[in-house]
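Input: a single structure, listed below in structure tokens.
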Amino acid sequence: DVVVHFVGGFTEQRTMACERLVRESMRVNKDALQITVNPLDEEIGVISVGAVTQKKERIRACEEMVKMNCVHSMCLRIECYREDEGCEKIKSTI
């Protein structure tokens with residue numbers, strides 16, 4: 001089983017959604033592979049203007065939450081506006 005974290009936005013809701021995904025996955029299937037998908041740090045300001053430092057911190061918090069709580073995890077960083085490459089990266093990880 002695989003859970004892919006595609007969480008939109010960079011508000012506190014992102015962290016809360018990640019927490020719910022991790023908690024439910026641990027309850028249902030602790031062995032499921034957890035894959036977080038986030039943009040590259042240098043591209044965050046391009047896709048979402050303002051408060052870049054805070055957005056980076058939220059992304060790192062989500063990645064750390066997955067790494068610390070899930071048996072099998074992978075944190076992917078993909079380039080913006082390169083959906084095909086991003087999908088291939090996710091598929092090869094699975």
Side-chain angles (χ1 to χ4, degrees):
D1 294 338
V2 178
V3 178
V4 180
H5 297 228
F6 273 117
V7 180
F10 296 98
T11 66
E12 187 60 33
Q13 294 294 324
R14 183 184 200 93
T15 311
M16 293 166 55
C18 181
E19 184 178 321
R20 284 190 300 273
L21 285 167
V22 168
R23 186 176 52 246
E24 282 302 303
S25 293
M26 296 301 291
R27 185 181 67 80
V28 174
N29 184 353
K30 293 178 183 177
D31 292 323
L33 172 61
Q34 303 281 326
I35 302 173
T36 64
V37 181
N38 293 297
L40 300 172
D41 273 352
E42 58 270 16
E43 294 184 339
I44 293 170
V46 174
I47 60 172
S48 180
V49 179
V52 173
T53 301
Q54 193 173 37
K55 293 170 185 176
K56 287 179 183 180
E57 289 171 2
R58 287 184 180 132
I59 288 172
R60 278 194 265 298
C62 291
E63 291 174 339
E64 283 301 312
M65 189 183 316
V66 170
K67 287 178 191 175
M68 297 300 291
N69 293 291
C70 300
V71 177
H72 307 287
S73 66
M74 176 66 72
C75 300
L76 298 180
R77 295 293 188 110
I78 59 174
E79 290 184 59
C80 299
Y81 311 114
R82 300 201 178 220
E83 292 86 5
D84 290 341
E85 290 175 21
C87 288
E88 287 303 317
K89 196 171 185 179
I90 293 166
K91 288 192 305 187
S92 69
T93 301
I94 293 171

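Worth knowing before you read on, the calculation uses all heavy atoms, side chains too, and leaves out hydrogens, waters and symmetry mates.
- Around atom CZ of R23, more than 12 heavy atoms belonging to other residues, nucleotides or ligands sit under 6.0 Å away.
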Item to check | I59 vs I44, side-chain contact (heavy atoms from CB on, under 4.5 Å): CA-CA, chis, key distance, verdict | outcome: CA-CA 10 Å; I59 288 172; I44 293 170; 3.5 Å; yes

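- At a threshold of 4.0 Å, the pair R27-E24 counts as salt-bridged, since one of the basic side-chain nitrogens sits closer than that to a carboxylate oxygen.
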Next on the checklist: If you apply the rule side-chain contact (heavy atoms from CB on, under 4.5 Å), what do you find for D41 with R60, and how did you get there?
Outcome noted: CA-CA 10 Å; D41 273 352; R60 278 194 265 298; 3.1 Å; yes

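- A salt bridge links R77 to E63: at least one charged side-chain nitrogen sits closer than 4.0 Å to a carboxylate oxygen.
- Residues L76 and F6 fall within the same hydrophobic cluster, defined by Ile, Leu, Val, Met, Phe, Trp and Tyr side chains chained together at heavy-atom separations under 4.5 Å.
- M74 and V2 fall within a single hydrophobic cluster, where Ile, Leu, Val, Met, Phe, Trp and Tyr side chains are chained together by heavy-atom contacts under 4.5 Å.
- Put simply, CZ on R58 and OG1 on T53 are 11.5 Å apart, with the number rounded to the nearest 0.5 Å.
- K55 contributes a side-chain N or O that, together with a main-chain N or O of V49, makes up a donor-acceptor pair within less than 3.5 Å.
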Checklist entry - Given the rule in the side-chain contact (heavy atoms from CB on, under 4.5 Å) test, do I47 and Y81 qualify, once you have shown the distances and angles that lead to the verdict? => result CA-CA 9 Å; I47 60 172; Y81 311 114; 3.5 Å; yes

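- Looking at every heavy atom in both residues, H5 comes nearest to C18 through ND1-SG, 4.0 Å.
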Item to check | side-chain contact (heavy atoms from CB on, under 4.5 Å) assessment of E79 paired with L40 | outcome: CA-CA 6 Å; E79 290 184 59; L40 300 172; 3.6 Å; yes

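- For the pair Q34 (side chain) and C70 (backbone), a donor-acceptor distance under 3.5 Å is absent.
- Here the CD1-CD1 distance, from I94 to I35, works out to 4.5 Å after rounding to the nearest 0.5 Å.
- No path of Ile, Leu, Val, Met, Phe, Trp and Tyr side chains, each step under 4.5 Å between heavy atoms, connects L33 with V3, placing them in separate hydrophobic clusters.
- Within the 4.5 Å cutoff, the side chain of V7 has no heavy atoms near those of the C62 side chain.
- Between K91 and E88, at least one side-chain N (NZ, or NE/NH1/NH2) sits under 4.0 Å from a carboxylate O, which counts as a salt bridge.
- Put simply, the side chain of K67 does not reach to within 4.5 Å of the side chain of T36, judged on heavy atoms.
- Residues V37 and V66 do not share a hydrophobic cluster, defined by chaining ILVMFWY side chains whose heavy atoms lie under 4.5 Å apart.
- Atom CE of M65 has more than 12 neighbouring heavy atoms from other residues, nucleotides or ligands inside a 6.0 Å radius.
- For the atom pair CG (N69) and CD (E64), the distance works out to 10.0 Å, reported to the nearest 0.5 Å.
- The shortest distance between side-chain heavy atoms of I78 and E85 does not fall below 4.5 Å.
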